[in-house]
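Okay, so here's the structure we're looking at.
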There are 2 protein chains.
Amino acid sequence: MTALKYSKQRESIKHYLMTTNEHPTADMVYMHVKKDFPNISLGTVYRNLNLLTDIGEAVKIATPDGGDRFDGKVEPHNHFLCTVCGRLLDLDLDMKSIEEVNRLAAENFDGIIRSSSTLFYGECSDCIKKS
Amino acid sequence: MTALKYSKQRESIKHYLMTTNEHPTADMVYMHVKKDFPNISLGTVYRNLNLLTDIGEAVKIATPDGGDRFDGKVEPHNHFLCTVCGRLLDLDLDMKSIEEVNRLAAENFDGIIRSSSTLFYGECSDCIKKS
DNA sequence: ATAATAACAGTAACGATTACTGTGATTAAA
DNA sequence: TTTAATCACAGTAATCGTTACTGTTATTAT
């Protein structure tokens with residue numbers, strides 16, 4: 001209900017999220033945005049990341065190894081976590097497949113499924129080359 | 001490499017994980033096991049949960065809302081997080097569907113996919129009834 | 001311009017998790 | 001079945017990611 005007020009800092013955070021595919025942690029966002037706003041506060045980064053997530057302009061990705069990652073790509077898609085190097089990569093399934101999974105899941109389930117997020121595990125191409 | 005030594009505490013933690021479907025947090029495990037071992041340490045719970053996870057006798061589930069959950073059911077299956085009440089429930093897809101998803105994902109992906117974990121979001125049946 | 005207030009920087013507090021330390025339990029070997 | 005080695009423990013301190021607080025600054029509506 002409270003009006004949303006513009007800020008350069010939020011603009012910068014959002015721009016970074018939308019132009020990177022690094023799936024940065026809050027701290028990575030902080031370090032990056034610091035280049036343009038040397039005295040930005042980490043709290044500001046967290047507040048804006050959560051704000052952007054709440055209004056649907058960013059996505060929060062939980063991983064079993066430490067802090068959350070953020071993504072400026074809000075269209076439904078999935079992620080791959082390399083168990084060797086720890087990198088988080090985009091993994092696009094076409095919408096049909098995603099919807100199909102949700103439909104299959106709904107068959108044996110006694111509630112309403114609104115969305116889903118799949119995290120795939122394995123070895124990324126870079127780590128395969130090195131081994 | 002270092003030998004694994006038996007302990008009643010680990011036994012109890014593992015037993016609880018295997019017989020509940022609550023997907024407890026570390027703290028919930030702590031409070032439960034405390035009934036049998038009143039002076040067990042929370043550190044012991046964490047150490048053993050991680051140990052069990054490492055040796056494949058438990059699974060750690062990351063959720064975007066706070067602490068990790070643990071599951072003694074290690075066969076591949078997925079989970080549903082109710083966005084209303086916050087409960088985490090099992091959601092079984094048959095193996096065929098899971099494998100199919102992994103196969104579909106592998107088609108557009110340049111690495112090896114070993115496993116996947118899908119978190120579904122929506123409203124559980126209890127919360128639907130109440131609304 | 002002015003007033004109202006959202007957003008900020010800086011910092012303190014918090015909750016979840018891990019690391020450390022000295023003690024006790026389990027295991028393998030004598 | 002003692003002994004010796006060491007893993008696991010309880011208890012506590014430290015760390016890490018995140019959120020909350022406070023006084024100041026920037027944005028917006030009047």
Side-chain angles (χ1 to χ4, degrees), chain A residues 1-17 22-55 57-71 81 86 88 119, chain B residues 1-17 22-55 57-71 81 86 88 119:
Chain A
M1 197 95 307
T2 61
L4 185 63
K5 208 170 271 188
Y6 173 88
S7 88
K8 308 180 207 300
Q9 291 88 341
R10 175 160 60 244
E11 183 74 16
S12 177
I13 289 167
K14 185 181 171 186
H15 179 261
Y16 174 53
L17 279 188
E22 293 264 338
H23 304 87
T25 60
D27 203 63
M28 288 161 71
V29 174
Y30 175 60
M31 291 193 291
H32 184 93
V33 177
K34 226 174 164 49
K35 292 173 191 164
D36 287 327
F37 298 89
N39 58 352
I40 195 174
S41 166
L42 183 54
T44 297
V45 171
Y46 272 104
R47 183 161 25 76
N48 280 295
L49 286 173
N50 287 332
L51 176 55
L52 292 171
T53 299
D54 287 347
I55 64 179
E57 298 190 0
V59 173
K60 187 188 284 196
I61 308 155
T63 73
D65 63 334
D68 293 332
R69 313 292 194 96
F70 292 87
D71 194 345
L81 184 62
L88 188 69
L119 188 53
Chain B
M1 196 95 306
T2 61
L4 186 63
K5 209 170 269 188
Y6 173 87
S7 88
K8 307 180 209 300
Q9 290 89 341
R10 183 186 312 123
E11 183 74 16
S12 177
I13 289 167
K14 183 181 171 185
H15 178 260
Y16 174 53
L17 280 187
E22 294 263 338
H23 304 87
T25 60
D27 204 62
M28 288 161 72
V29 174
Y30 175 59
M31 290 192 293
H32 184 95
V33 176
K34 226 174 162 51
K35 291 173 191 163
D36 288 326
F37 298 88
N39 58 352
I40 194 173
S41 167
L42 183 55
T44 297
V45 172
Y46 273 102
R47 183 160 26 76
N48 280 295
L49 286 173
N50 287 332
L51 177 54
L52 291 171
T53 298
D54 287 346
I55 64 179
E57 298 189 0
V59 173
K60 186 188 286 195
I61 307 156
T63 73
D65 63 333
D68 293 331
R69 313 292 194 94
F70 292 87
D71 192 345
L81 184 61
L88 187 70
L119 188 53

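The shown structure was predicted, so the numbers you read here are calculated from the model rather than taken from an experiment.
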Counting just side-chain N and O atoms, does [X] come under 4.0 Å of either OP1 or OP2 of [N]?
X        : N       : result
Tyr46(A) : dT18(D) : yes
Asn50(B) : dT18(C) : yes
Gln9(B)  : dA25(C) : no
Lys8(A)  : dT27(D) : yes
Arg47(B) : dA8(D)  : no

What integer distance in Å separates [X]:[atom1] from [N]:[atom2]?
X        : N       : atom1 : atom2 : value
Arg10(B) : dA10(D) : CZ    : P     : 12 Å
Leu51(B) : dA19(C) : CG    : C1'   : 16 Å
Glu11(A) : dC8(C)  : CD    : P     : 12 Å

query: Does the His23(B) side chain pair with the main chain of Leu88(B), one donor and one acceptor, at a distance under 3.5 Å?
result: yes
message: Tell me if a side-chain donor or acceptor on Arg10(B) pairs with a main-chain N or O of Lys5(B) at a distance below 3.5 Å.
response: yes
message: Taking NZ in Lys8(B) as the centre, count heavy atoms belonging to other residues, nucleotides or ligands within less than 6.0 Å. Is the count above 12?
response: no
query: Taking everything shown except Lys60(A) itself, do over 12 heavy atoms lie less than 6.0 Å from its NZ?
result: yes
message: Checking contacts here: which listed nucleotide (dT28(D), dT27(C), dA16(C)) is nearest the side-chain heavy atoms of Lys5(B)?
response: dT27(C)
Touch class at under 4.0 angstrom, heavy-atom based, for Asn48(B) against every strand present: sugar-phosphate
- prompt: Does any residue of residues 32-43 of chain A have a heavy atom under 4.0 Å from DNA chain C, and if so, which ones, in number order?
  reply: Asn39(A), Ile40(A), Ser41(A)
